Amino acid sequence: MTNTVTTFADLNLAEPLMRAINDSGYTHPTPVQAQAIPLVLKGGDLLAGAQTGTGKTAGFTLPILQRLSSNPAAHPRAGAPRCLILTPTRELAAQVEESVKTYGKYLALKSEVMFGGVNINPQIKALRSQIDILVATPGRLLDHVGQKTLDLSSVEILVLDEADRMLDMGFIRDIRKILALLPRQRQNLLFSATFSEEIKSLADGLLHNPGFVEVARRNTTSELVSQSVHMVAQKLKSHLLSHLIKLNDWKQVLVFTRTKHGANRLAEKLNSDGIPAAAIHGNKSQAARTKALSQFKDGTLPVLVATDIAARGLDIDMLPHVVNFELPNIPEDYVHRIGRTGRAGSNGSAISLVDSEELQHLKNIERLIKTQIPRVTIDSFVPPTHIPAEAPRPPRPQQGQKRHAPANRPQGQAAKPRNPGSSNSQGSKTPGQARPSSRPQAKPEPVKYLSEAARHQAMPQPALFSPKPPARRGK
Ligand code: AMP
């Protein structure tokens, strides 16, 4: 799609919205905003390929606010929202509703957010008055439907935000139940970072003659994100991480672990090393998750340890450091993880602590991003001589076993970045090879060491989204 819109003034947004945009300090619409806003204002359905960080929230929120405020409800009723925005996680729901409030602050529209893990009674009370925009996670929304506290028969606009994540998290049945409760005549907007067969089939059934928008992830080139790998035995990782945090005096670092249990253990270990850290994952109460996130955002908590699921959709601006305590099984998740740093023009570092058992995952990632990530050693790191015995680790699922794997992507999409011919794993012995460990080591993969200059070479953007929209249906 060609796009000539370059300023917010070109988008024909109402004055109260322009004032709110101005207050937010935005000077220009992001690409997804420039493309999506005119389409949504026209009232048609939309299929958008955009991830967190692209400005997608304002891309749908601004035109929705405009449409709702310029067409007041014919028969406003308590507990019957006119716009329903579904998100996969509680954190994302809270962030989206915050954006609705921010951009709608000069309008008389009312919004609420509803998710599980918190007392339902205040939500029931809120539903006794009129709500224009409801942002919710699917489970709690259906709880309200079951309790007859919510009426979905007035929904004029439906948004599925991060639809691929919702499917990954097993929400498809809930989504279908919700769709069945909505009026047939409505506007549908579907946002997804990736485009699997499952998403295509959801889009086919949901969208009518949709407009299509696709944008690349914002600011994820390697000039902004410096990537490195430290080869280190699993049981030394927490020691190396403490060392790195102290050595570099890191003030804000998001650490990814593979399991909830691992996240807890690591946060405890960092705390015992005098580094304030909190774990954030699905077994934590909503109050604990919200508190950890807000302390991390305001800079009072330097380390947040998260699983991939918990970290989804988190909007943390200008994150300086991301650490992969374990590499993800799905190579695309690496790209998602490191996309959280180097945002908004600031530099960031993405450091992966890699045990020799993870070398195959590393190879798969490097194949996807078509870049060899430099191996780096920390000479000042002296591993402790006495390490308490580790609890047995859960077996590692093989790629594609646990979650909806990229194998389901449309043909041609995954094949390109995964070209095995791009592997460049031959070369000299790694200077940063794992230090001696008591665990039997798999035969180390020889890897090439890259110079400091090469660390900053451009990282090509892997194709995460199908270049083509699904077959369009007539109305
Ligand atoms: P999102 O992709 O919606 O999660 O937005 C990511 C971040 O971009 C948020 O912190 C927004 O405040 C910010 N943002 C959204 N639109 C713009 C814009 N036009 N200019 C600058 N920043 C923006």
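Side chains included, hydrogens not; waters and symmetry mates left out as well; all remaining heavy atoms used. Remember, predicted model here, so these are calculated numbers, not experimental data.
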**Q** Would you give the length of the straight line joining atom CZ of R337 to atom OG of S352, rounded to the nearest 0.5 angstrom?
**A** 8.0 Å

**Q** Pairing donors with acceptors under 3.5 angstrom, does anything connect the side chains of T89 and R165?
**A** no

**Q** Work out which heavy atom in A50 is nearest to a heavy atom in V32; give both atom names and the distance.
**A** CB-CG2, 3.9 Å

**Q** Between T257 (side chain) and G262 (backbone), is there a donor-acceptor pair under 3.5 Å?
**A** no

**Q** Would you name the heavy atoms of L206 and N188 that are closest together and state the gap between them?
**A** O-ND2, 3.2 Å

**Q** Distance only, no hydrogens: is a donor on one side chain within 3.5 Å (strictly under) of an acceptor on the other, for Q252 and H321?
**A** no

**Q** Looking only at heavy atoms, which two atoms of G116 and R90 are closest? And how far apart?
**A** O-NE, 3.3 Å

**Q** Answer yes or no: is there a donor N or O on one side and an acceptor on the other, between the side chain of Q187 and the main chain of V40, under 3.5 Å?
**A** yes

**Q** Keeping Q66 on the side-chain end and A14 on the backbone end, is there a donor-acceptor pair under 3.5 Å?
**A** yes

**Q** With sequence neighbours left out, which residue pairs that include part of residues 27-86 fulfil the ring pair (Phe, Tyr, Trp, His ring centres under 6.0 Å) condition?
**A** F60-F191

**Q** Hey, are S111 and E97 close enough side-chain-wise for a donor-acceptor pair under 3.5 Å?
**A** yes

**Q** I'd like to know if K110 and E112 make a salt bridge, using a cut-off of under 4.0 Å between side-chain N and carboxylate O.
**A** yes

**Q** Would you say the side chain of D308 lies within less than 4.5 Å of the side chain of R258, judging by non-hydrogen atoms?
**A** no

**Q** Is a donor on one side and an acceptor on the other found under 3.5 Å between the side chain of N271 and the backbone of A267?
**A** yes

**Q** If only atom types and distance count, is the side chain of T371 paired as donor or acceptor with the main-chain N or O of I369 below 3.5 Å?
**A** yes

**Q** Considering non-hydrogen atoms only, spot the tightest contact between L68 and D132 and give its length.
**A** CD1-O, 4.3 Å

**Q** Any side-chain heavy atom of L134 sitting closer than 4.5 Å to one from I85?
**A** no

**Q** Is a side-chain donor or acceptor of S192 paired with a backbone partner of T194 at a separation under 3.5 angstrom?
**A** yes

**Q** Find the distance between CD1 (I157) and CG (L46) and round it off to the nearest 0.5 Å.
**A** 12.0 Å

**Q** Is the shortest distance from a Lys or Arg side-chain nitrogen in K237 or E358 to a carboxylate oxygen in the other one below 4.0 Å?
**A** yes

**Q** Are any side-chain N or O atoms of S196 and backbone N or O atoms of I199, one a donor and one an acceptor, separated by less than 3.5 Å?
**A** yes

**Q** When you compare the side chain of L92 with that of T137, does any pair of heavy atoms fall below 4.5 Å?
**A** no

**Q** Do S349 and V322 touch side chain to side chain, with heavy atoms closer than 4.5 Å?
**A** no

**Q** Report yes if the side chains of I178 and L141 come closer than 4.5 Å at any heavy-atom pair, otherwise no.
**A** yes

**Q** Could you go step by step and tell me if L266 and L241 meet the side-chain contact (heavy atoms from CB on, under 4.5 Å) rule?
**A** CA-CA 10 Å; L266 180 58; L241 181 59; 3.9 Å; yes

**Q** Does the side chain of D151 reach to within under 4.5 Å of the side chain of V145, using non-hydrogen atoms?
**A** no

**Q** Would the distance check show the side chain of D45 and the main-chain N or O of H208 forming a donor-acceptor pair, the cut-off being under 3.5 Å?
**A** yes

**Q** Does the side-chain contact (heavy atoms from CB on, under 4.5 Å) test come out yes or no for F325 and F256, once each step is laid out?
**A** CA-CA 6 Å; F325 193 74; F256 286 93; over 6 Å; no

**Q** Is the terminal nitrogen or CZ of R140 (NZ for Lys, CZ for Arg) located under 6.0 angstrom from the six-membered ring centre of F115 and within 45° of that ring's axis?
**A** no

**Q** Measure the CZ-CG distance between F212 and L47 for me, rounded to the nearest 0.5 Å.
**A** 5.5 Å

**Q** Closest heavy-atom contact between Y103 and L17?
**A** O-CD2, 3.3 Å

**Q** Could you check whether atom NZ of K105 has more than 12 heavy atoms from other residues, nucleotides or ligands sitting under 6.0 Å from it?
**A** yes

**Q** Can you see which heavy atom on M166 is nearest to which on L86, and at what distance?
**A** CE-O, 3.4 Å

**Q** Between N364 and Q360, do the side chains contain an N or O donor and an N or O acceptor separated by less than 3.5 Å?
**A** yes

**Q** From the options D355, D333, I365, select the one residue that forms a side-chain contact (heavy atoms from CB on, under 4.5 Å) with L327.
**A** I365

**Q** Salt bridge check: are K56 and D161 linked by an N-O gap of less than 4.0 Å?
**A** yes

**Q** Just so I know, are the side chains of K125 and R128 near enough to count as touching, which here means a heavy-atom distance under 4.5 Å?
**A** yes

**Q** Any side-chain heavy-atom pair from T57 and Q95 closer than 4.5 angstrom?
**A** no

**Q** Checking side-chain contact (heavy atoms from CB on, under 4.5 Å) for the pair N324/L353: CA distance, chi angles, key distance, verdict?
**A** CA-CA 6 Å; N324 295 307; L353 308 187; over 6 Å; no

**Q** As a quick check of understanding, evaluate side-chain contact (heavy atoms from CB on, under 4.5 Å) for T149 and Q123, giving each step before the final call.
**A** CA-CA 9 Å; T149 46; Q123 298 176 357; over 6 Å; no

**Q** Atom CD1 of I338 and atom CG of L319: how far apart are they, to the nearest 0.5 Å?
**A** 12.0 Å

**Q** When you check the side-chain N and O atoms of T7 and D10, is any donor under 3.5 Å from an acceptor?
**A** yes

**Q** Among L190, L84, L189, which one satisfies side-chain contact (heavy atoms from CB on, under 4.5 Å) with L158?
**A** L84

**Q** So how far is it from S69 OG to I64 CD1, rounded to the nearest 0.5 Å?
**A** 11.5 Å

**Q** If we ignore angles and hydrogens, is there a donor and acceptor under 3.5 Å between the side chains of H281 and T307?
**A** no

**Q** E91 side chain to T290 main-chain N or O, any donor-acceptor pair under 3.5 Å?
**A** no

**Q** Any Lys/Arg nitrogen of R186 or E156 sitting under 4.0 Å from an Asp/Glu carboxylate oxygen of the other?
**A** no

**Q** Mind checking the OG-NZ spacing from S294 to K291? Nearest 0.5 Å is all I need.
**A** 8.5 Å

**Q** Tell me, with the steps shown, if E326 and Q234 meet side-chain hydrogen bond (donor to acceptor under 3.5 Å, both in side chains).
**A** CA-CA 8 Å; E326 280 119 5; Q234 184 70 28; 2.8 Å; yes

**Q** Are any side-chain N or O atoms of Q147 and backbone N or O atoms of H144, one a donor and one an acceptor, separated by less than 3.5 Å?
**A** no

**Q** For Y334 and Q227, which I'm curious about, is there any donor-acceptor pair between the side chains at under 3.5 Å?
**A** yes

